[in-house]
**Student:** 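Sharing a structure with you now.
Just follow the structure's listing: the first ligand is 1, and inside any ligand the first atom is 1.
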Amino acid sequence: MYVITGATGNTGKIVATNLLAKGQKVRVIGRSADRLQPLAAKGAEPFVADLTDAAALSQAFANAKAVYALIPPSMTSSDYRAEQDRVTDAIASALEKTGVQHVVSLSSIGADKAEKTGPVAGLHNLEQRLNRIAGLNVLHLRAGYFMENTLAQIGIIKMMGMAAGPLRPDLKLPMIAARDIGAFAAEALLRLDFNGPQTRELLGQRDISMAEVATIIGKAIGKPGLAYFQAPEGQIRAAMIQLGMSMNVVNLILEMSAALNSGYMRALEPRTEKNTTPTSYETFVAEEFVPRYQGKSTAARG
Ligand SMILES: NC(=O)c1ccc[n+]([C@@H]2O[C@H](COP(=O)([O-])OP(=O)(O)OC[C@H]3O[C@@H](n4cnc5c(N)ncnc54)[C@H](OP(=O)(O)O)[C@@H]3O)[C@@H](O)[C@H]2O)c1
């Protein structure tokens with residue numbers, strides 16, 4: 001039995017679906033039976049639990065062959081880092097209690113740093129905490145910048161007629177589609193060929209800048225030459241708070257953006273075929289961005 005946390009989300013859904021398609025037994029964790037229903041219909045065993053509940057996770061992880069572990073983002077939190085650490089502690093203590101042997105965890109580029117990386121510092125702590133579990137074989141997937149983050153540009157383009165954000169326009173980032181992370185994680189869970197604590201960066205199809213992102217989006221939505229504007233911090237702060245994010249989360253995102261802009265937070269592995277994944281930004285835009293921009297999808301996630 002594989003156990004998948006965040007199973008209704010961007011990456012977990014793909015991990016669960018791919019394992020089910022390979023005929024594996026899968027237990028899917030989420031906070032709502034309704035949202036888990038589509039996976040249950042495909043043969044998964046739904047398990048309703050909050051990821052801060054160590055006792056519930058001990059039940060969920062019982063007899064697991066392997067676990068896919070992630071810390072879900074909570075954009076309205078007044079203390080995001082503390083919430084991340086609560087999830088980390090609950091997952092780690094349930095792993096210790098149940099003696100699960102293999103874990104694939106979702107981490108990020110920059111998780112090598114203990115601080116000044118915003119939310120990614122919480123993923124550093126997740127890695128460190130799981131690495132301390134005696135005998136655990138754990139593969140931390142240090143993913144690049146999610147292409148899904150750029151779905152936030154839909155509202156910005158509609159409001160301002162241009163793309164905008166805190167990142168430098170020319171900063172080349174390893175951008176990855178969440179589906180590629182899910183597919184890679186499912187493969188790793190099937191192979192279970194990692195021993196002890198390990199990390200693997202996942203860098204997407206190629207490095208790409210926000211200026212290029214705007215150009216690709218512009219072409220796809222019939223606004224050729226769409227520009228990207230690096231907005232001043234005050235403007236970003238106001239816009240994010242308007243979108244319902246807490247001040248604490250906004251501060252962490254701005255800290256992470258500064259860390260990316262300065263190069264403090266960056267990929268460490270040279271790009272190879274092992275850390276390169278298939279989905280191009282053009283494909284992501286055609287399949288995920290454009291339908292949402294045109295209001296044809298109800299499944300938009302941040
Ligand atoms: N965005 C980036 O560029 C980036 C880059 C690298 C790494 N990451 C990391 O990727 C992770 C997010 O992965 P993702 O996008 O796959 O996740 P996601 O889709 O945002 O969320 C996964 C699921 O977690 C569930 N969930 C939320 N709070 C929960 C709780 N308290 N207890 C139990 N379940 C809960 C939600 O499902 P229900 O509502 O159904 O419970 C949600 O669908 C984060 O740790 C983030 O730091 C992000």
Side-chain angles (χ1 to χ4, degrees), residues 3-17 28-40 44 46-54 56-57 60 68-77 80-91 94 104-112 117-127 140-152 165-167 173-186 199-204 208 210 213 249 252-253 256-257 259-260 265-267 277 284 288 299-302:
V3 180
I4 314 300
T5 65
T8 61
N10 295 312
T11 60
K13 185 175 49 191
I14 306 293
V15 180
T17 307
V28 287
I29 304 181
R31 292 166 301 174
S32 134
D34 277 356
R35 283 194 294 275
L36 292 169
Q37 215 294 317
L39 288 167
F47 194 103
V48 175
D50 194 289
L51 289 176
T52 55
D53 183 344
L57 293 187
Y68 177 66
L70 60 69
I71 306 179
S74 162
M75 295 310 197
T76 52
S77 173
Y80 187 91
R81 286 284 301 98
E83 276 191 38
Q84 285 179 305
D85 289 348
R86 272 201 293 281
V87 171
T88 291
D89 286 343
I91 289 175
V104 172
S105 88
L106 179 52
S107 183
S108 172
I109 60 163
D112 52 297
T117 55
V120 175
L123 303 177
H124 171 86
N125 282 2
L126 172 72
E127 288 192 7
H140 305 293
L141 299 180
R142 289 185 174 170
Y145 190 85
F146 284 15
M147 291 179 185
E148 282 71 8
N149 297 343
T150 68
L151 293 173
L167 295 173
L173 285 173
M175 281 199 203
I176 185 162
R179 65 170 90 154
D180 287 358
I181 302 169
F184 191 99
T199 60
R200 152 68 57 215
E201 287 183 350
L202 290 181
L203 305 180
I208 182 169
M210 288 306 293
V213 159
V249 168
L252 289 171
I253 290 177
M256 181 181 74
S257 303
L260 287 166
M265 181 177 151
R266 63 178 186 280
T277 59
F284 172 82
E288 308 279 348
R301 312 185 65 101

**Student:** If you measure every N/O of R35 against every N/O of ligand 1, is any gap under 3.5 Å?
**Tutor:**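 In this structure, R35 places an N or O atom under 3.5 Å from an N or O of ligand 1.
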**Student:** Hey, is A178 one of the residues with a heavy atom under 4.0 angstrom from ligand 1?
**Tutor:** no
**Student:** Indicate yes or no for a side-chain donor-acceptor contact from S108 to the backbone of G110 under 3.5 Å, with no hydrogens or angles considered.
**Tutor:**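 Not confirmed, S108 side chain does not pair with G110 backbone.
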**Student:** Taking E148 for its side chain and A178 for its backbone only, find out whether a donor-acceptor pair lies under 3.5 Å.
**Tutor:** yes
**Student:** Test your reading of the structure: does N149 have an N or O sitting under 3.5 Å from an N or O of ligand 1?
**Tutor:** yes
**Student:** Decide whether the shortest distance between a heavy atom of S107 and an atom of ligand 1 is less than 4.0 Å.
**Tutor:**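 Right, S107 reaches ligand 1.
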**Student:** Quick check: does G9 get an N/O under 3.5 Å from an N/O on ligand 1?
**Tutor:** yes
**Student:** Ligand 1 and T11, any nitrogen or oxygen pair closer than 3.5 angstrom?
**Tutor:** yes
**Student:** Rounded to the nearest 0.5 Å, what separates atom OG1 in T150 from atom CE in M210?
**Tutor:**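 It comes to 6.5 Å.
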**Student:** With a heavy-atom distance limit of 4.0 Å, tell me whether L36 approaches ligand 1 through its side chain, its backbone, both, or neither.
**Tutor:** neither
**Student:** Does Q84 use its side chain to pair, donor to acceptor, with the backbone of I71 at less than 3.5 Å?
**Tutor:** no
**Student:** Polar-atom distance check: D50 versus ligand 1, any N or O pair below 3.5 Å?
**Tutor:** yes
**Student:** At what distance, to the nearest 0.5 angstrom, does CG of L70 lie from OG1 of T11?
**Tutor:**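 If I round to the nearest 0.5 Å, the distance is 5.0 Å.
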**Student:** Step by step, would you call M175 with F284 a side chain to side chain contact (heavy atoms under 4.5 Å, CB included)?
**Tutor:** CA-CA 11 Å; M175 281 199 203; F284 172 82; over 6 Å; no
**Student:** Under 3.5 Å, N or O to N or O, is N10 touching ligand 1 that way?
**Tutor:** yes
**Student:** Would you give the length of the straight line joining atom NE2 of H140 to atom CG of L202, rounded to the nearest 0.5 angstrom?
**Tutor:**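 H140 NE2 to L202 CG: 13.5 Å, rounded to 0.5 Å.
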**Student:** Within the structure, is a non-hydrogen atom of A7 found at a distance of less than 4.0 Å from ligand 1?
**Tutor:**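 Contact absent.
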**Student:** Would I71 count as a polar contact of ligand 1, with the cut-off being nitrogen or oxygen pairs under 3.5 Å?
**Tutor:**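 Yes; at least one N/O pair falls below 3.5 Å.
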**Student:** Does even one non-hydrogen atom of P119 get within less than 4.0 Å of ligand 1?
**Tutor:** no
**Student:** If we only consider heavy atoms of G182, is any one of them less than 4.0 Å away from an atom in ligand 1?
**Tutor:** no
**Student:** Hey, is the main chain of Y68 close enough, under 3.5 Å, to the side chain of T5 for a donor-acceptor pair?
**Tutor:**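 Confirmed, T5 side chain pairs with Y68 backbone.
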**Student:** For ligand 1, which is the ligand I care about here, please tell me if P72 has any N or O atom under 3.5 Å from one of the ligand's N or O atoms.
**Tutor:**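 So ligand 1 has no N or O lying under 3.5 Å from an N or O of P72.
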**Student:** At a non-hydrogen distance cut-off of under 4.0 Å, which region of L106 contacts ligand 1 (side chain, backbone, both, or neither)?
**Tutor:**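 Side chain only; the backbone of L106 stays clear of ligand 1.
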**Student:** Below the 3.5 angstrom mark, is there an N/O of G30, backbone or side chain, next to an N/O of ligand 1?
**Tutor:**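 No; the residue has no nitrogen or oxygen that sits under 3.5 Å from a nitrogen or oxygen of the ligand.
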**Student:** So, is S32 polar-close to ligand 1, with some N/O to N/O distance under 3.5 Å?
**Tutor:** no
